[in-house]
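Reviewing the structure listed below.
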2 protein chains.
Amino acid sequence: MRDVAERAGVSPKTVSNVLTGSAQVREPTRLRVEQAMRELDFVPNLSARGLRNGRSGVIGLAQPDLRAAFSASMTHAVVEAAHARGLVVQVEETAAEPAREHDLVTRARTHLIDGMILNPVRLQDSVVEHLDHLPPIVLIGEVEQHRTDRVFINSRSAAREAVQHLIARGARRIVALGGAEHGAGLDKATQGQRLRGYLAGLAEAQLPARPELQVEVPEWTIAGGAAGMREVLERGVEFDAVLAFTDSIALGAMHELRSWGGRLPEDVLVCGFDDVEHASFAGTPLTTIAFDHQAYANAALDLLTSRMRDRGLPPRAQEIPYELLARASTQGPPAGFSGKNSPI
Amino acid sequence: MRDVAERAGVSPKTVSNVLTGSAQVREPTRLRVEQAMRELDFVPNLSARGLRNGRSGVIGLAQPDLRAAFSASMTHAVVEAAHARGLVVQVEETAAEPAREHDLVTRARTHLIDGMILNPVRLQDSVVEHLDHLPPIVLIGEVEQHRTDRVFINSRSAAREAVQHLIARGARRIVALGGAEHGAGLDKATQGQRLRGYLAGLAEAQLPARPELQVEVPEWTIAGGAAGMREVLERGVEFDAVLAFTDSIALGAMHELRSWGGRLPEDVLVCGFDDVEHASFAGTPLTTIAFDHQAYANAALDLLTSRMRDRGLPPRAQEIPYELLARASTQGPPAGFSGKNSPI
DNA sequence: CCCAGTCTTTACATCGATGTAAAAGACAGC
DNA sequence: GCTGTCTTTTACATCGATGTAAAGACTGGG
C-alpha cells in the first residue's frame with residue numbers, strides 16, 4: 001500500500017481512505033490513487049485488514065457429509081447467500097462424528113472465521129457452555145437447546161404428516177429408515193425429531209410402533225439407505241411403506257427394493273425428506289417433504305450477520321415452512337412386501 | 001498472547017516458541033506456558049499469523065455449480081485431502097460464467113488464500129497472463145494451455161471409448177448431450193475434449209457427425225440434462241444412444257426419455273461421465289466413465305502444496321486413469337427412439 | 001485580505017504473532 | 001572459580017491496513 005501511496009504522491013492513509021470510503025477524498029486525489037492502484041495491480045491484504053479490524057469476512061459451514069445431496073444443495077444456497085452479503089464460505093466436514101463436531105466448534109476461533117453455520121448431528125452441551133468465547137453460531141436443523149440461533153423446519157410435525165399421508169394411502173407397516181428408538185435415535189438432533197414424528201403419527205392412527213421396522217442408518221447417503229433397506233429385507237420383515245429420513249436414503253432404499261423385486265409404488269410406498277433435485281427425477285418420482293433451501297440459507301445468514309453485528313442479541317429460532325409433495329412413489333394402496341418372498 | 005506470557009511468567013516470544021516449536025524451550029517452562037494457555041483458553045489468531053508469515057492455511061476451490069453431483073463429490077474429496085494436510089477449504093461458485101471465473105482468479109489474492117483449485121468452464125488467456133501475480137493455481141479438468149499445474153482424466157480418449165462401446169452394443173445414431181460443434185462447444189475446456197472424443201469415435205467407425213444429434217447443455221445438472229433431452233425429442237430426431245457429458249446430465253436424460261415412453265436400454269442406450277454415487281443406484285444403473293475422485297483430489301493437493309513451497313517449479317500435468325464401467329444402461333442392441341412415435 | 005469553520009491529508013500507534021539478534025543463564029572442563 | 005560453549009530467554013522490529021488526532025488546505029463572510 002505504501003508503494004501505491006508513493007506513486008500517487010499521497011500518504012498510505014489516504015489510499016486506505018480511498019479503499020474504505022471512510023473519509024472524504026477529493027476527486028482528483030482519488031483518481032490519482034485509483035490510477036496508481038491499477039498500475040501496480042494492487043490488492044489489499046485481507047489478513048492485515050482482518051487483524052486490524054477483527055473481522056475476516058469469512059464464515060464457516062460445517063456439515064456431516066458433503067456428498068449427500070441435501071448438503072450439496074445447502075452448500076450451494078449458503079455460498080450464494082454469503083456471496084450476496086460480501087462474505088465467503090469455508091467448508092468443513094464433521095463426518096457424523098460428534099468428536100469432530102465438538103472439535104470444530106471449540107476451535108472455531110482459530111479458523112479465521114467471523115461466524116459459523118453448523119448442521120449438527122449431535123451437539124454436546126459442553127460446547128454450548130463455551131458459547132461466550134466462540135464466534136457467532138447458527139445451527140441448521142433441530143437441536144434440543146435454545147441458547148444459539150437456529151433455523152429449522154418442524155421435522156417432527158413433517159414426519160407425522162408424512163406418516164399420516166402414508167397411512168391415508170393404505171400403508172399399515174411403515175419402516176422408519178434413519179433412526180430407531182432402541183439405539184441412540186432419540187438423542188440425535190434432526191434424526192430424533194423425525195423419529196418422534198414417526199412415532200407420533202403411528203400413535204395417532206393407533207398403529208403399534210414395531211422395533212423391527214425401525215432402522216438406524218449411520219451414513220445418510222444413497223449407499224447408506226440401500227444398506228439399511230437390505231438389513232430389513234434380509235430379516236424377512238414384512239412392510240408396505242418406507243419413511244426415509246432423507247431423500248438420499250429414500251433413493252438408496254428404492255434401488256434396493258427394486259433389486260429384490262419390489263414394485264414401487266404397487267408393493268411399497270416411499271416418502272423422503274428435503275426435496276433434492278434428484279427426488280423428482282427418480283425412476284419413480286419421490287414423494288417428499290419439500291422446503292425452500294435458499295430461503296433456509298438466507299435465514300441462517302440473516303441470523304448470523306445480525307449477530308455478528310451485535311453479539312448481545314437474545315437467541316432466536318426461525319422456522320421455515322415445509323410442504324408434503326405427493327409424487328408417484330406414494331400412489332397407494334400398496335400390496336406389501338418382505339424379503340422372504342423375493343426372487344433373489 | 002501477552003496475557004499468557006504474563007501468567008506463565010515468560011516473554012511473549014517464549015509462548016510463540018512453545019506454539020511453533022521453532023526454538024527449544026525447557027520442559028518446566030513449556031509446561032508452565034501450556035498450563036497458562038489452557039487456563040486462559042487461548043487460541044492463536046490466524047489473521048495475525050497469516051499476516052506475519054504470509055500464509056493463511058486456506059485454499060480456495062472453485063467450481064461451476066456446487067449442486068451438481070460431481071462437484072459435490074469433488075468438494076468432499078478436496079476437503080478430506082486438505083484436512084489431511086492441515087489446510088482448510090474456501091469454496092466459490094463460478095455458475096458457469098466466464099466473467100465470474102475471471103474475476104475470481106484475478107482477485108484471488110484478496111481472499112486470504114494460499115492457493116486455489118479451479119474447475120474451469122472456460123479460462124481466458126488473459127487470466128493465465130497474470131499468473132505471476134497470483135497465488136498458485138491447479139486446474140482440474142481439461143484446458144488447452146500448459147502454463148499452470150493441471151490434473152485431468154483424458155476426456156477425449158474416454159469419450160471416444162464410450163462411443164466405441166455404444167457402437168459395439170449396436171448404437172448408430174448417438175446423441176452428444178453436453179456440447180455441440182456449431183456452438184461454442186469446442187472452445188470450452190472439458191466440454192470441448194468430450195465433444196472431440198465423441199467426434200473421433202464416430203469418425204473411426206465411419207459414422208457421420210450429425211449436427212441435429214449434438215446438443216449444448218448450459219447447466220450440467222439433472223434438470224439441464226432433462227431439458228437437453230427434451231429438446232432432441234421435441235425436434236422428433238431419431239436416435240438410439242445418448243452420450244451424456246456428466247452423470248447428472250445422463251440421469252436427467254434418462255428421466256425425460258422414460259417420461260416420453262422410451263425404454264432403457266431396450267430402445268436407447270445411455271452412457272455418462274464421472275461415476276457419481278447416484279449412477280449405480282439409478283433405476284437403470286448407468287454405464288459411465290469412472291475414476292477415483294479421491295485420487296484426483298489428492299493429486300490436485302499434492303501439486304498445489306508443492307507449488308506453495310516452491311513457486312519456481314515448471315508447470316506439471318497429472319493424468320488420472322479412468323475406466324469405462326459397463327452397467328445395465330448400455331445392454332444393447334437398442335431399437336431406436338424418436339419423440340414422434342411417443343405416447344406423450 | 002484576514003479569519004473562523006470546513007474539508008483533506010498526514011503522522012503515529014495499533015491489531016497479534018514471529019524472525020532476528022543479542023542478552024542471560026546453564027554447564028562442563030581446567 | 002573462571003572461561004568458553006551451548007542453550008534458553010528477551011527486546012525489538014516487522015508483516016499491511018486503519019482509527020485517532022492533529023496539521024494543513026481550502027471556502028466564504030466580513
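Sequence lines set the chain letters: A, B, ... in the order given, protein chains first and strands last, and positions in each chain run from 1.
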> Measuring from B/L66:CG to A/M74:CE, what's the distance to the nearest 0.5 Å?
Replying inline: 13.0 Å

Give [X] one of three labels, base, sugar-phosphate or nothing, depending on what nucleic acid heavy atoms sit under 4.0 Å from its own.
X	value
B/S47	nothing
A/V25	sugar-phosphate
B/R49	sugar-phosphate

Tell me which nucleotide among [options] gets nearest to the side chain of [X].
X	options	value
A/P44	D/dG19, D/dA17, D/dA11	D/dA17
B/N53	C/dA17, D/dC15, C/dT18	C/dT18
A/K13	C/dT10, C/dG16, D/dA17	C/dT10
A/T29	D/dA17, C/dT9, D/dT18	C/dT9
A/S11	D/dA17, C/dA11, C/dT18	C/dA11
A/R2	D/dC15, C/dT9, C/dT8	D/dC15
A/R26	C/dT9, D/dT9, C/dT18	C/dT9
A/T20	D/dT18, C/dA17, C/dT18	D/dT18

Between [X] ([atom1]) and [N] ([atom2]), how many Å, whole number?
X	N	atom1	atom2	value
B/M1	C/dT14	CE	C1'	16 Å
B/M37	C/dG16	CE	C1'	15 Å
B/L46	C/dC15	CG	P	18 Å
A/R55	D/dG16	CZ	P	21 Å
A/L40	D/dG16	CG	C1'	15 Å
A/L51	D/dT14	CG	P	17 Å
B/E6	C/dA17	CD	P	15 Å
A/L112	C/dA17	CG	P	12 Å

Would you tell me whether [X] and [Y] have side-chain atoms, one donor and one acceptor, within less than 3.5 Å of each other?
X	Y	answer
B/R316	B/S306	yes
B/E93	A/H83	no
B/T246	B/D274	no
B/T94	B/Q63	no

> For D/dT8, does OP1 or OP2 lie under 4.0 Å from any side-chain N or O of B/T14?
Replying inline: no

